[in-house]
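Note sheet for the following structure.
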Amino acid sequence: MWKNKNVWILLIGEFVAGLGLWLGIIGNLEFMQEKVPSDFLKSLILASGLLAGLAVGPLAGKLTDQVKKKKVMLVSGFTRALSVIFMLIAIETGSVLWMIVFLVSIQISAAFYFPALQAAIPMVVKEKDLLQMNGVHMNVATLSRILGTALAGILLVVMSLSMLYVLSLAAYIVLFIMTWFLSFDEKSISPAVKGQKANGTSFKEVFPIIKGLPIVLMTLILTLVPLLFIGGFNLMVINISELQDSSAIKGWIYTAEGIAFMTGAFFVKKMGDLMSPYRILFVFSFVIGVSQLLLYFADNPVMSVVSFAIFGFAVGCFFPTAATIFQTRMPKEFHGRFFSFRNMLDRLIFQVVLLITGLLLDLVGLQIMTVLFGGLSLIMTGLFYSKYRQLKDSVLAEQAS
């Protein structure tokens, strides 16, 4: 795998783009802290971009299955770079409206880019290397997040907010250039996919496939558990910082969670040799629920950092495993539409959780909210594990008969 130049291009491109992404995210938080006082209003602004990405999801999925993945990645990467200009205008004018335009445009670009990337990875590496590739790819993304957030904090002290976004723009341009050098064999699209009739390219065609693969459907729904935490991640970090009256705690939380994520993604391949991927999902879904409950003690700096570290390790094991299940169990001719649908589902849940998080932070506070979310996560995990056992027992019974 490591001798494949496409692997290195994807990983280096992900690292550079991740730096740009997190420079922008920290810039967004800084801009909103100055211009927007309410947590709920902050969540509405962030949700505006997610809604736009959700709206174009079906089109993104269809195009990803019809057009070469590299072409989709190039066009969306170029559009993402252009969108930074809107944020520069927002800073210059002090307008939150221009920031919303920026969020909408960059999320639309992402709605096309990420399904194409997920569909391209199985074409770049062999199936036996998929779990390792997914883990390494997510590790690179996490490393860029750690360095990006740390770098953003340092740069905000020595340069203007506008220059932070200029650096973000430069990173996206580098990603666009590197994507040009990708070279992999995109297999011929099956007749059912390349046909121009609506019944051959319908986004809805993916739903019967998902329904006919119970383990894919179950894994898809189970990803809601980490999204309960991730959806309000940044708002919770801001709230913990205010609760403890400490700006430094934000850096400690991001760093601890990021390092723990990388550790989990590194060890998940070894865990995959010892237990089934489904057991990995259920174990770490339970751990995620526990980490949410621990945030009841968010007024304690050590406990808040520990809870985010536990969460980071858990999702570092959870997401590469889920991605590998999707890439291997779903037919490749449906990858574009499936990953676009998954992207849409993630955005929808992310948006709902973001709004609920902002509302609950204003109404009941961080500690009560995390107990509610943690309890819901544990209940969902228990219910889906019970369903999985029933499914497994029925399969064994059929084989025995």
Side-chain angles (χ1 to χ4, degrees), residues 11-37 42 45-46 49 77-96 98-103 105-107 109-110 113 138-178 230 233-242 244-262 301 304-305 308-309 312:
L11 295 179
I12 295 172
E14 177 64 32
F15 178 75
V16 174
L19 286 178
L21 173 66
W22 282 96
L23 287 174
I25 288 175
I26 298 301
N28 293 344
L29 297 178
E30 185 74 15
F31 186 79
M32 283 194 297
Q33 276 190 295
E34 180 183 341
K35 303 291 183 183
V36 184
K42 289 187 183 81
I45 292 170
L46 294 173
F78 180 74
T79 306
R80 182 158 56 166
L82 284 180
S83 67
V84 180
I85 295 173
F86 297 127
M87 193 61 208
L88 293 173
I89 297 173
I91 296 169
E92 185 66 25
T93 60
S95 169
V96 175
W98 275 109
M99 180 187 185
I100 293 173
V101 175
F102 160 71
L103 291 172
S105 59
I106 203 166
Q107 289 291 344
S109 301
Y113 181 83
M138 291 181 184
N139 261 346
V140 169
T142 306
L143 180 61
S144 68
R145 172 157 58 88
I146 295 171
L147 296 178
T149 52
L151 184 62
I154 295 170
L155 292 178
L156 281 173
V157 177
V158 299
M159 65 174 58
S160 67
L161 189 59
S162 295
M163 284 304 300
L164 199 67
Y165 283 98
V166 170
L167 292 176
S168 178
L169 172 61
Y172 291 145
I173 292 173
V174 170
L175 172 65
F176 176 77
I177 294 171
M178 294 197 68
I230 296 171
F233 194 101
N234 291 327
L235 289 179
M236 286 192 290
V237 171
I238 293 173
N239 207 269
I240 290 172
S241 176
E242 294 172 351
Q244 299 180 13
D245 192 24
S246 170
S247 297
I249 194 66
K250 287 187 283 191
W252 284 108
I253 286 173
Y254 280 119
T255 302
E257 189 271 339
I259 292 174
F261 183 99
M262 293 177 63
S304 58
V305 171
F308 275 90

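Hydrogens, waters and symmetry mates are skipped; everything else that's a heavy atom, side chains included, is used. In this chain, numbering begins with 1 at the start of the sequence shown.
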Is there a donor-acceptor pair under 3.5 Å between the side chain of Ser168 and the backbone N or O of Leu164? no
Determine whether a donor-acceptor pair (N or O, by modelled atom type, separation under 3.5 Å) exists between the side chain of Ser304 and the backbone of Pro301. yes
For side-chain contact (heavy atoms from CB on, under 4.5 Å), just list the numbers for Leu23 and Leu155, CA-CA rounded to whole Å, side-chain angles, deciding distance to a tenth of an Å, and then say yes or no. CA-CA 9 Å; Leu23 287 174; Leu155 292 178; 4.2 Å; yes
Please examine the side chains of Phe308 and Phe233, heavy atoms only from C-beta on, and report whether any two atoms are closer than 4.5 Å. yes
Please tell me if the side chains of Val305 and Ile249 come closer than 4.5 Å, counting only heavy atoms from C-beta onward. yes
N/O donor-acceptor pairs under 3.5 Å from side chains in residues 85-93, not counting sequence neighbours:
| residue | atom | partner | partner atom | Å |
| --- | --- | --- | --- | --- |
| Thr93 | OG1 | Ile89 | O | 2.9 |
| Thr93 | OG1 | Ser95 | N | 3.4 |

Please find the pair of heavy atoms, one from Ala260 and one from Ala309, that lie closest to each other, and give the distance. CB-O, 3.0 Å
Nearest heavy-atom contact between Thr79 and Ser109 is CG2-OG, 3.2 Å
Got a second to check how far [X]'s [atom1] is from [Y]'s [atom2], nearest 0.5 Å?
{"X": "Arg80", "Y": "Ile106", "atom1": "CZ", "atom2": "CD1", "answer": "6.5 Å"}
{"X": "Phe102", "Y": "Gln107", "atom1": "CZ", "atom2": "CD", "answer": "9.0 Å"}
{"X": "Ser83", "Y": "Leu103", "atom1": "OG", "atom2": "CG", "answer": "9.0 Å"}
{"X": "Ile12", "Y": "Leu175", "atom1": "CD1", "atom2": "CG", "answer": "12.0 Å"}
{"X": "Phe176", "Y": "Leu82", "atom1": "CZ", "atom2": "CG", "answer": "9.5 Å"}
{"X": "Ile45", "Y": "Met99", "atom1": "CD1", "atom2": "CE", "answer": "6.5 Å"}

For the pair Val140 and Leu11, evaluate side-chain contact (heavy atoms from CB on, under 4.5 Å) and give the outcome as yes or no after the intermediate values. CA-CA 7 Å; Val140 169; Leu11 295 179; 4.0 Å; yes
Aromatic centroids of Phe78 and Tyr172 separated by under 6.0 Å: no
